[in-house]
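Down below is the structure, laid out as structure tokens.
Throughout, numbering of the chain's residues begins at 1 and tracks the sequence.
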Amino acid sequence: MHRRILAPGVFAAASLLLAIPASAASYSPGAPGIGDPYYPYYGNGGYDVSHYDLRLQYQPATDELAGTATILARTTQDLSSFDLDFLLDVSEVRVNGAQAAFATSGQHELVITPKTPLAKDTPITVVVRYSGVPSTKNAYGFDTWHRTPDGAVAADEPESAWWWFPSNDHPLDKATYDVSVAVPDGTQVISNGLLQSTSSKLGWTRWNWRQNKPQATYLATLAVGKFDITTSTSESGVPVVNAYSKDLGDNDGAARASVERTGELVDWLSGYFGPYPFSSAGGYVPNTTTGYALETQTRVYYSPKQFANGANTSVVVHELAHQWYGDDVSLKGWKDIWINEGFARYAQWLWSEHEGEGTTQELADYVYASHPADDAFWTVKPGDPGPDDQFDIAVYDRGALAVQELRNAVGDDAFFAILKGWPKEHAYGNASVADFEAYAEKVSGKSLGSLFDAWLFEPTKPATPALKAVGVVAQPKSWKQIEATNYVH
């Protein structure tokens, strides 16, 4: 049951609804969810966003965030009202310049009722003024806003936007971004894309970042703190921006020894996946206590814990592979997570082979032999794991096994054509596991339904002549470094 909670503006909303003429009776509210069965109330129906312009101010000492979001969108139905996903306190909403009524609903919905109903295919500009302390907000028993000793970080999956900007929070609705944040002088702001400018006035410095390619909302990131920012250009010409908290302590050297190889690794991955799809690459390592990394578009988030045992290029390869598989081509629904994680894991196997620390086949043999037939590992279906197992290790390792089995079935020429062609086929868009199967069949000329069923959808250990099924299989040298990334998400 989705219970609506009254908030300032709700009575005005009721008045506006009563004032709608009979000719507008066909107008209806946009759905409170985009239709994803894993997360029924994530995203929204009735409109499609093209751009987010966020102009904010943040005070690290008190965790106070305030500002204005301007959202450019187009209606996809006749709308009487529509939702945004958001948790902070809203003071004003305007739609196409006119004040709109608003109310809260459920745990994370902001319901907006424009002054007049909106016809289908109408361009709309939504302005939301808001403020709040993100660390005091939670939904469904969790929060994704992470305080640090000198600021905060927004980075999480499958959601993090609600804590810092109103949005249509589902990968199906990708948009471009301008993120402008003022912070006290001496503090830095990190976000996606390229830094356009900075300016200082009256003790505050404003940082202006731009993401000029479509980006899913969960891939938008914000980090505020005291950072050492490094810039470089990869050999192929990709600008690289990295940032490290100045208080990483003993993890500082290992973090830099890993993340500073971003340009090299982007160029190496381009050989498999095609040209890098974005205006910049890079990563940042804030002083957080989280244990995961996340492929936030162009500016990967890494926890210091990734480098507690020394440098780990494997985790950098994993997150950078997502820039093609997950960021450039995003999933249609969260059940399609295999396309993100199976291929990012397989990229680590390719890196292992490149480094002479175990071939992809040796890694596949080891994983296959390590899980007996009665292991619960085989009950997780990477092609549709369910929300509780969305990031189970089987999605990664069984998912990578499926990729290796595809390679063995179609041969290297077709396999590497698929690997490189897929990001181009669906560039800056969305695709499903079914779409990938159809594409692989088109490129290879082979029927692959039984292979995909066995490796992605059957809750049993597949039988295969291609992998070692009996005996002891030696652990590849790269395994410890790969295993250290098992729970990066």
*Please confirm whether the backbone N or O of T360 pairs with a side-chain atom of E353, one donor and one acceptor, at under 3.5 Å?*
yes
*asked:* Please check: side-chain N/O of S50 versus main-chain N/O of A175, any donor-acceptor pairing under 3.5 Å?
replied: no
*With a 6.0 Å cut-off on ring centres, are Y368 and W378 close enough?*
yes
*Using a 4.5 Å cut-off on heavy atoms from C-beta on, say whether the side chain of W479 contacts that of V367.*
yes
*From N212 CG over to L194 CG, what is the distance, rounded to the nearest 0.5 angstrom?*
7.5 Å
*Between CD of E295 and CD of E319, what distance do you get to the nearest 0.5 Å?*
5.5 Å
_Less than 3.5 Å apart, any donor N or O on the side chain of S180 or W207 sitting next to an acceptor on the other?_
no
_From D173 atom CG to I34 atom CD1, the distance as rounded to the nearest 0.5 Å_ = 5.5 Å
_Closest non-hydrogen atom pair, A402 against L456_ = CB-CD2, 3.7 Å
_Looking at every heavy atom in both P214 and Q297, which two are closest together, and how far apart are they?_
O-NE2, 3.1 Å
*Does the ring centre of W338 sit less than 6.0 Å away from the ring centre of Y325?*
no
*Only counting residues at least two apart or in another chain, list the ones meeting side-chain hydrogen bond (donor to acceptor under 3.5 Å, both in side chains) with Y47.*
N44
*Sorted by first residue and then second, give each salt bridge (Lys or Arg N to Asp or Glu O under 4.0 Å) pair with at least one member in residues 243-252; sequence neighbours left out.*
D252-R256
*asked:* Can you tell me which residue among D228, N242, V259 is in a side chain to side chain contact (heavy atoms under 4.5 Å, CB included) with V285?
replied: V259
*Please name all residues satisfying side chain to side chain contact (heavy atoms under 4.5 Å, CB included) with A223, sequence neighbours left out, ordered by chain then number.*
V153, I190, F227, Y284
_Distance-minimising heavy-atom pair for G263 and S234_ = O-CB, 3.6 Å
_So, using salt bridge (Lys or Arg N to Asp or Glu O under 4.0 Å) as the criterion, who are the partners of D413 when residues are at least two apart?_
none
*Within the side chain of N287, is there an N or O that forms a donor-acceptor pair under 3.5 Å with the backbone of L248?*
no
*Between R74 and D48, is a salt bridge (charged side-chain N to carboxylate O under 4.0 Å, His left out) present by the stated rule, with each step listed?*
CA-CA 5 Å; R74 183 176 290 272; D48 184 81; over 6 Å; no
*Set of side-chain hydrogen bond (donor to acceptor under 3.5 Å, both in side chains) partners for Q323, sequence neighbours left out*: D327
*asked:* Can a side-chain donor-acceptor contact be found between R55 and N208 if the only test is distance below 3.5 angstrom?
replied: no
_Results of side-chain hydrogen bond (donor to acceptor under 3.5 Å, both in side chains) for Y301 - residues two or more places apart only_ = T288, T290
*Is V183 close to V181 at the side-chain level, that is, under 4.5 Å between some pair of heavy atoms?*
yes
_Quick test of your reading: applying salt bridge (Lys or Arg N to Asp or Glu O under 4.0 Å), list the pairs with at least one residue in residues 428-452, sequence neighbours left out, ordered by first then second residue._
K332-D435, E425-K442
_Within 45° cone of F273 ring axis and under 6.0 Å: K420 NZ or CZ_ = no
*Would you kindly say whether H108 and Y42 are connected by a side-chain donor-acceptor distance under 3.5 Å?*
no
*So, W349 side chain and E362 main chain: donor-acceptor pair closer than 3.5 Å or not?*
no
*asked:* Within the 3.5 Å criterion, strictly below it, is a donor on N251 or Q306 matched to an acceptor on the partner's side chain?
replied: no
*Please determine which of V240, T230, V238, V300 meets the side chain to side chain contact (heavy atoms under 4.5 Å, CB included) test together with T262.*
V240
*Y218 and H170: aromatic ring centres closer than 6.0 Å?*
no
*Can you tell me how far the OG atom of S478 sits from the CH2 atom of W351, to the nearest 0.5 Å?*
11.5 Å
*First locate atom OH of Y292, then atom CG of L294, and finally report the distance between them rounded to the nearest 0.5 Å.*
7.0 Å
*Look only at the side chain of D267 and the backbone of S236, and say whether a donor-acceptor pair between them is shorter than 3.5 Å.*
yes
*Given F391, Y38, W334, the one that forms side chain to side chain contact (heavy atoms under 4.5 Å, CB included) with P385*: Y38
*asked:* I need the minimum non-hydrogen distance between T296 and N192, along with the two atoms involved.
replied: C-ND2, 4.0 Å
*Test item: V224 and T187 side chains (from C-beta on) under 4.5 Å apart, heavy atoms*: yes
*CG on D374 to OG1 on T460, rounded to 0.5 Å*: 12.5 Å
*Flag for Y428-Q215: side-chain donor and acceptor within less than 3.5 Å*: no
*Checking T231 side chain against V241 main chain: does a donor-acceptor pair fall under 3.5 Å?*
no
*Considering all heavy atoms, the nearest Y52-I71 contact*: CD2-CG1, 3.8 Å
*Among all residues two or more places apart in sequence or in another chain, which pass the side chain to side chain contact (heavy atoms under 4.5 Å, CB included) test with S314?*
N312, Q348, Q481, I482
Can you give each donor-acceptor pair under 3.5 Å made by side-chain atoms of residues 276-283, sequence neighbours left out, with the distance rounded to 0.1 Å?
from: Y276; atom 1: OH; to: S280; atom 2: O; distance (Å): 2.7
from: S280; atom 1: OG; to: G193; atom 2: O; distance (Å): 2.7
from: S280; atom 1: OG; to: R299; atom 2: NH2; distance (Å): 3.0

*Check the surroundings of atom CG in N309: do more than 12 heavy atoms from other residues, nucleotides or ligands lie under 6.0 Å from it?*
no
*Please check if the distance between the ring centroids of F436 and F343 is under 6.0 Å.*
yes
*Does T148 reach the main-chain N or O of G151 with its side chain, forming a donor-acceptor pair under 3.5 Å?*
yes
*Not counting sequence neighbours, which residues clear side-chain hydrogen bond (donor to acceptor under 3.5 Å, both in side chains) with S330? List them please.*
K174
*Contact summary for A454 and P462, nearest pair of heavy atoms*: O-CG, 3.3 Å
*Parallel, tilted or perpendicular: which describes the rings of W163 and F142, with under 30° parallel and over 60° perpendicular?*
tilted
_Tell me every residue that passes side chain to side chain contact (heavy atoms under 4.5 Å, CB included) with A161, counting only those two or more places apart in sequence or in another chain._
F165, S167, D169, T217
_Using the side chain to side chain contact (heavy atoms under 4.5 Å, CB included) criterion, which residues pair with T176? Sequence neighbours excluded._
H51
*On the 0 to 90° scale, with breaks at 30° and 60°, tag the H354-W268 ring pair as parallel, tilted or perpendicular.*
tilted
*Heavy-atom donor-acceptor pair, T75 side chain to T122 backbone, under 3.5 Å*: yes
*Between S270 (side chain) and V266 (backbone), is there a donor-acceptor pair under 3.5 Å?*
yes
*asked:* Looking only at the aromatic ring of each residue, does the gap between the centers of F415 and Y346 stay below 6.0 angstrom?
replied: yes
